[in-house]
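So the structure is just underneath, and the comments pick up after that.
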Amino acid sequence: MSDPSRPIRTAAVIPAAGRGVRLGPGAPKALRALGGTPMLVHAVRAMAASRAVSVVVVVAPPDGAAEVRHLLNEHPLTDRTDLVVVPGGETRQESVRLGLAALPDAVDVVLVHDAARPLVPVDTVDSVIAAVRGGAPAVVPALPLADTVKQVEPQPQGTPEPVVGTPERALLRAVQTPQGFDRETLLKAHDTVVEGEGATDDAGLVERLGTPVVVVPGHEEAFKVTRPLDLVLAEAVLARRRATDGYV
Ligand code: CTP
Ligand code: MG
């Protein structure tokens, strides 16, 4: 638990070092434009929009830290938010670990937010932070699924895959970011859990420690830009925001 004599500070780590293979050829995904502004800039602003967030750590492509720093200098944040840029790694888990290593000492609550979720609303960010500050060591925003999910026996492409089972949809949630953590819990998870053990998010690492993780409501607009069609949706959401609430 945090020392009450010290103000609680919240940081956001933004892994942005991925190539974006599924989006197709081009610049690293986080640097591609959305409404004329790089996706990463939207994601950084989305974190800085929360009054609680005082530090944003951006994890840049391994050879692109200087370029990212330059880009973010051109899109300055308000004075209340500090910005740190570090080079990332080969995997998302490694990139997050490198981001965590750059956290200032006074940080107690850590958000980890995909650069590929540029449009998460500030209310979602704030509700994750509130749940961590309320005592939950690990918090993930998530939504119920629209599709039914089948478990299959994977086969080479082109071969039909036998269905093994159908988990009960009402019990499933699709998880998003920002995921929020008590700093010590997240550092311990990243120090303890070995890469390649199948965790695809940070909460998954914490689960392996046996530490409880809770879900709070996510938001449709926190979707991840993964494939080309997601860019079409993101542009549409952005255009609607610009028309209705002056979003830049
Ligand atoms: N990420 C990262 N370092 C990596 C791989 C991924 O920081 N070595 C980040 C991505 O930049 C992204 C987030 O993790 O913001 C979620 O990953 P994903 O959506 O899978 O992005 P990419 O790995 O870039 O995309 P793809 O898997 O299609 O290549
Ligand atoms: Mg990936």
Side-chain angles (χ1 to χ4, degrees), residues 11-34 37-48 53 55-69 71-72 75 83-103 110-120 124-125 128 140-143 157 174-181 186 189-190 193-206 218-235 237-238:
V13 173
I14 303 184
R19 302 256 324 278
V21 171
R22 288 169 290 179
L23 202 54
K29 180 160 74 177
L31 303 184
R32 297 201 209 184
L34 207 60
T37 304
M39 212 181 300
L40 174 62
V41 172
H42 291 283
V44 169
R45 287 178 179 162
M47 295 300 103
V53 172
V55 187
V56 175
V57 178
V58 170
V59 188
D63 55 358
E67 186 191 346
V68 163
R69 179 82 238 185
L71 182 77
L72 292 169
H75 298 87
L83 186 67
V84 180
V85 179
V86 298
E90 279 303 305
T91 65
R92 184 185 181 283
Q93 190 172 326
E94 192 186 345
S95 292
V96 173
R97 199 167 43 74
L98 292 165
L100 294 176
L103 287 177
V110 183
L111 303 178
V112 181
H113 180 63
D114 293 329
R117 298 181 190 271
L119 300 177
V120 59
T124 307
V125 181
V128 169
V140 300
L143 291 176
Q157 219 183 356
V175 312
Q176 305 178 321
T177 72
Q179 299 189 348
F181 305 90
L186 184 60
H190 271 271
V193 181
V194 176
E195 183 92 37
E197 285 187 348
T200 52
D201 68 347
D202 297 280
L205 303 179
V206 171
H219 196 284
E220 275 187 307
E221 294 181 5
F223 66 93
K224 186 153 70 78
V225 175
T226 306
R227 299 181 184 84
L229 191 59
D230 300 321
L231 275 179
V232 178
L233 180 60
E235 291 286 358
V237 170
L238 200 55

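Order of appearance sets the numbers: ligands from 1, and atoms from 1 within every ligand.
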Where does Lys29 meet ligand 1, judged by heavy-atom distances below 4.0 Å: at the side chain, the backbone, both, or neither?
-> side chain
Asp114 and Arg92, any side-chain heavy atoms less than 4.5 Å apart | yes
Give a yes or no on this: more than 12 heavy atoms of other residues, nucleotides or ligands lie within 6.0 Å of atom CD of Glu220.
-> no
Considering only the protein, which heavy-atom contact is closest to atom 12 (C) of ligand 1, and what is its distance?
-> Pro15 O, 3.7 Å
Going by the 4.0 angstrom heavy-atom rule, the piece of Ser95 near ligand 1 is side chain
Looking only at protein heavy atoms, identify the closest one to atom 13 (C) of ligand 1 and say how far it is in Å.
-> Asp114 OD1, 3.4 Å
Check Thr91 against ligand 1 and report side chain, backbone, both or neither, counting heavy atoms closer than 4.0 Å.
-> backbone
Pair Val112-Thr177, side chain to side chain contact (heavy atoms under 4.5 Å, CB included): steps then yes or no | CA-CA 7 Å; Val112 181; Thr177 72; 6.0 Å; no
Of Arg22, Gln93, Arg92, the residue with the heavy atom nearest atom 20 (O) of ligand 1 is Arg22
Min side-chain heavy-atom separation Leu103-Val55 under 4.5 Å = no
So do Glu67 and Leu31 actually touch side chain to side chain, heavy atoms under 4.5 Å?
-> yes
Please state whether Ala30 comes within less than 4.0 angstrom of ligand 1, counting heavy atoms only.
-> no
Taking only heavy atoms of Arg19 into account, list the atoms of ligand 1 that are under 4.0 Å away from them.
-> 24 (O)
Could you find the nearest protein heavy atom to atom 26 (P) of ligand 1 and give me its residue, atom name and distance?
-> Val21 N, 3.5 Å
Nearest option to atom 8 (N) of ligand 1, as decided by whichever heavy atom of Gly89, Ala116, Ala115, Gly18 sits closest | Gly89
Donor-acceptor contact below 3.5 Å, side chain His190 vs main chain Val96 | no
Looking only at distances, please establish whether an N/O atom of ligand 1 is found under 3.5 Å from an N/O atom of Val59.
-> no
If you measure from atom 25 (O) of ligand 1 to every heavy atom of Gly24, Ala17, Gly20, Ala60, which option wins on shortest distance?
-> Gly20
Specify the closest pair of heavy atoms between Lys29 and Met39, including all atoms of both residues, with the distance to one decimal.
-> O-CE, 3.4 Å
Would you mind running through ligand 1 and noting each atom that sits below 4.0 Å from a heavy atom of Lys224?
-> 18 (P), 19 (O), 20 (O)
Does Arg117 use its side chain to pair, donor to acceptor, with the backbone of Ala222 at less than 3.5 Å?
-> yes
Can Val206 and Asp202 be said to form a side chain to side chain contact (heavy atoms under 4.5 Å, CB included), step by step?
-> CA-CA 7 Å; Val206 171; Asp202 297 280; 6.0 Å; no
Glu90 heavy atoms, cut-off 4.0 Å: which ligand 1 atoms fall inside?
-> 8 (N)
State the atoms of ligand 1, each with its element, that fall below the 4.0 Å cut-off from a heavy-atom position in Ala16.
-> 7 (O), 11 (O)
How long is the gap from CD on Gln176 to CG on Leu143, to the nearest 0.5 Å?
-> 4.5 Å
